[in-house]
Each structure stands twice: as structure tokens, then as C-alpha cells.
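Every chain is numbered from 1, with letters handed out A, B, ... down the list of sequences.
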2 protein chains.
Amino acid sequence: MFIELDLQSETPIYTQLVDQIVEGIASGVLQPGDPLPSIRSLAEDLGINLHTVNKAYNLLKQEGLLQVHRKKGVIVQPDGMPGVTEAFEEKLRRQLRSLAAAAAVRGMAEEVFAQESRAVYREMIANRGRG
Amino acid sequence: MFIELDLQSETPIYTQLVDQIVEGIASGVLQPGDPLPSIRSLAEDLGINLHTVNKAYNLLKQEGLLQVHRKKGVIVQPDGMPGVTEAFEEKLRRQLRSLAAAAAVRGMAEEVFAQESRAVYREMIANRGRG
DNA sequence: TGTTTGTTATATTACATATATAACACAGAT
DNA sequence: ATCTGTGTTATATATGTAATATAACAAACA
């Protein structure tokens, strides 16, 4: 499994799970229809509790990124990913504003900040051709 | 005072305080050397507890954005803001990665994401001439 | 029948958030 | 000296979140 947890981190375990799965989908490592480990097996692999994995999976299910079946297990959304909704735009801008302010205060120029954003996005989807 | 709290929000009060003060500095509403309300008076104005304001002020003090004196009170860092450290770059990139992944998964193109970042930054510092 | 799946329920521990009081040390004004 | 307002520190409490530990249930499949 491609997931690596930092149990010392201040960011919750279930958030780390959510982030890494989303990044997995964005990067193409996880493709629509691909199966994910069962709640129990992933929990055991990572040495964490069943409910922590369940919480992460459910959040992603509610966002429309995962589908959850009885016996089929958990798979990456095969019927089209959710689009850029108004709610998502708002949330994105709110978080970008916080980052932009912190960057501006430290003297990071507009071009550098924008370029940094572009670079991070590009690296994210760098090898969608192969995984 | 320019601070507005959303007590229903899931983001902690002290985080809202930190964010809005940083945005105040970035936008020029707060200039180096400018005084901030005392811990007690701001707490009373906002209808929150003294310690919540204290926590926010202390975080900003540790980041080097505020100075705290005995009787002089709290002022915006007059001796030069902290620069773009390696630690800050890492933190920024980590958070940008999370946002970029969420955006990419929803089909937001690289150019749109980068432009969104630039626009948010620009609006942040839009009226540094006067406020 | 038995196993594995997601799901739900309950309980417990640990930690973060926020509040409420209280007291302390320091600096300035009266 | 005394009072007042400042940041600071110390306790205590209430609430919510994060994470764990068990247990049980319903559905799908071999």
C-alpha cells in the first residue's frame, strides 16, 4: 500500500488518509474503478483502528470520490468524479486566502506564490501516463 | 475592530483570530508598529475568553509577527517580518498539495488553479496604499 | 455453513478547545 | 504609596474530537 502515516503529526490520522487517497486519485495511481483495501485489512496493515479507516472512507464517499459496496468493497468512483461546485470554490478560496496571507507577510511575491501553486499542481499529476 | 468571528464554524476561534490578523498585516490594514487591542479588551469586544485571545497572540508572537510588551501591550512586528524559511516553504507546499489534489480530482485545470491562487493573493494585497 | 464485507452501537481513553477564576509581576499614572 | 491596566501563569471545568477496543448485525459469496 502507498499510504504512509505520521503518527506524531498534528494532523489527524483520518485526515492523512483522506489526503493521500485524494492525491492518489489525482496522480493517477488510483484510477476510477480501482479497488481499495477493505476497512479491516487497511486498518491492520497500518496498525490503526477499523473506525479510523471507516471515517476516512465515509468522508470520501460523501464527497463522491469513492463508492462503497457490500461485498465488492470500496472502489474509486467509476461514474464520473464530482465537478467544481460553488461550495468547493468557496472552500478552496478560503484556504488559499490563508496561505496567500502567510506568504505575503513573509515577503513572498505574487509571482512566486502563483508559480509555487502551479508547480505543486504539476508535480501532482506529473506521471498520469503511467503508475 | 475589523475581526469578525463565526462561532458556528468548525475552525477554532483562536485560528480565526490568527488568520484574520495575518490577513490584516498582509493587506496593510495593520502596519508594523501598529498596536493591537489588549488581550482583555479584545476578548470582551468579541465576547470570548481572555485565554482564547492569548493563545492566538502567542502563536503569532512565536511566528515573529507580533511583539508583546509588559505595559506597551501588543504591536505588529516593527523590526522586520520573518522571511520565507525552509520550514515555511515545506508547510506551504504540503498544504498546497492537498488543495491541488482536491482541485485536480474535480477537473480544475492547472492554469485555473494557478490563476485562482494568483487572484486570491492579489486581492489580499489590493489596497496596501490606503486602508 | 462459514467467511468476509460494510455498518452500527457502546464504552473508554486521550487530547484540544473554550471557559471561569484567581493570582502574580511589572509599568505607569494619580 | 496606591491604584490601575498590562501580560503571564496556574487551576479547574465543560465540551467536543480523535482514536481505540469490543461486540454484534445484515448482506454477499464460496
Side-chain angles (χ1 to χ4, degrees), chain A residues 1 3-22 30 33-79 98, chain B residues 1 3-21 30 33-79 91 98:
Chain A
M1 199 51 193
I3 292 183
E4 288 182 7
L5 296 180
D6 177 6
L7 300 182
Q8 315 305 321
S9 170
E10 61 182 355
T11 71
I13 297 177
Y14 79 92
T15 301
Q16 295 183 44
L17 283 175
V18 166
D19 280 347
Q20 293 190 35
I21 292 172
V22 173
L30 291 175
D34 278 0
L36 269 72
S38 78
I39 292 177
R40 286 178 176 83
S41 68
L42 181 55
E44 190 171 15
D45 275 14
L46 298 176
I48 62 180
N49 192 271
L50 171 162
H51 294 97
T52 306
V53 177
N54 191 40
K55 183 171 184 177
Y57 277 5
N58 264 318
L59 280 175
L60 292 168
K61 169 183 160 191
Q62 283 185 322
E63 287 185 6
L65 298 184
L66 295 184
Q67 273 188 9
V68 170
H69 297 85
R70 273 277 156 198
K71 181 66 177 182
K72 194 185 297 182
V74 182
I75 62 174
V76 178
Q77 180 62 257
D79 304 330
S98 176
Chain B
M1 199 52 193
I3 292 183
E4 289 181 6
L5 298 180
D6 177 5
L7 300 183
Q8 315 305 321
S9 170
E10 60 181 354
T11 72
I13 297 177
Y14 78 91
T15 301
Q16 295 183 45
L17 284 175
V18 167
D19 280 349
Q20 293 190 35
I21 291 173
L30 291 174
D34 279 358
L36 269 72
S38 77
I39 291 176
R40 285 178 177 81
S41 68
L42 181 55
E44 190 171 17
D45 274 14
L46 298 176
I48 61 178
N49 191 272
L50 172 161
H51 294 98
T52 306
V53 177
N54 192 41
K55 184 171 184 175
Y57 277 6
N58 264 319
L59 280 176
L60 292 167
K61 169 182 161 193
Q62 283 185 321
E63 288 185 5
L65 298 184
L66 295 184
Q67 273 190 9
V68 170
H69 298 83
R70 274 276 158 200
K71 180 67 176 180
K72 195 184 295 181
V74 182
I75 62 174
V76 178
Q77 179 63 258
D79 303 330
K91 189 174 157 192
S98 174

Could you tell me the separation between the [atom1] atom of [X] and the [atom2] atom of [N], rounded to a whole number of Å?
X       : N      : atom1 : atom2 : answer
A/Glu10 : C/dT17 : CD    : C1'   : 15 Å
A/Gln62 : C/dT7  : CD    : P     : 11 Å
A/Leu42 : C/dT4  : CG    : P     : 17 Å
B/Asn54 : C/dC24 : CG    : P     : 19 Å
A/Tyr14 : C/dC15 : OH    : C1'   : 14 Å
B/Leu59 : C/dA16 : CG    : P     : 13 Å
B/Gln8  : C/dA18 : CD    : P     : 13 Å
A/Asn49 : C/dT12 : CG    : P     : 16 Å

message: Between A/Gln77 and A/Gly33 (side chain of the first, backbone of the second, donor and acceptor by atom type, cut-off under 3.5 Å), is there such a pair?
response: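 No: the side chain of A/Gln77 does not pair with the backbone of A/Gly33.
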Taking C-beta and beyond as the side chain, do [X] and [Y] meet within less than 4.5 Å on heavy atoms?
X       : Y       : result
A/Tyr57 : A/Leu42 : yes
A/Ile75 : A/Asp34 : no
B/Gln67 : B/Val74 : no
A/Ile21 : A/Ile3  : yes
B/Ile48 : B/Leu17 : yes

field: Contact under 4.0 Å: B/Thr52 side-chain N or O vs C/dT19 OP1/OP2
entry: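 Checking B/Thr52 against C/dT19: at least one side-chain N or O falls below 4.0 Å of OP1 or OP2.
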- prompt: Do the side-chain N or O atoms of A/Tyr57 get closer than 4.0 angstrom to the phosphate oxygens (OP1, OP2) of C/dG6?
  reply: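 No.
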Closest listed nucleotide, where the reference is the side chain of B/His51 and the choices are C/dG6, C/dA20, C/dT7: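 Nearest listed nucleotide: C/dA20.
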- request: Check every atom of C/dA23, C/dT7, C/dA18 against the side chain of B/Arg40 and return the nucleotide holding the closest atom.
  value: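 The listed nucleotide nearest to B/Arg40's side chain is C/dA23.
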Closest-nucleotide 5' rank along DNA chain C - winner of A/Val68 and B/Leu7: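 That would be A/Val68.
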query: Just one of A/Val76, A/Val68, A/Val22 clears the side-chain contact (heavy atoms from CB on, under 4.5 Å) bar with A/Leu60, so which one?
result: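 Among the candidates, only A/Val22 passes.
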field: Toward the 5' end of DNA chain D, by each residue's nearest nucleotide, A/Leu50 or B/Leu50
entry: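 Nearest nucleotide further toward 5': that of B/Leu50.
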field: 5' precedence on DNA chain D between A/Ile13 and B/Gly73 (nearest-nucleotide basis)
entry: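 Its nucleotide being nearer the 5' end, the pick is B/Gly73.
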- prompt: Mind checking which nucleotides bracket the chain A contacts on DNA chain D, 5' to 3', with an atom under 4.0 Å from a heavy atom?
  reply: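 Reading along DNA chain D, I get D/dA18 to D/dC29.
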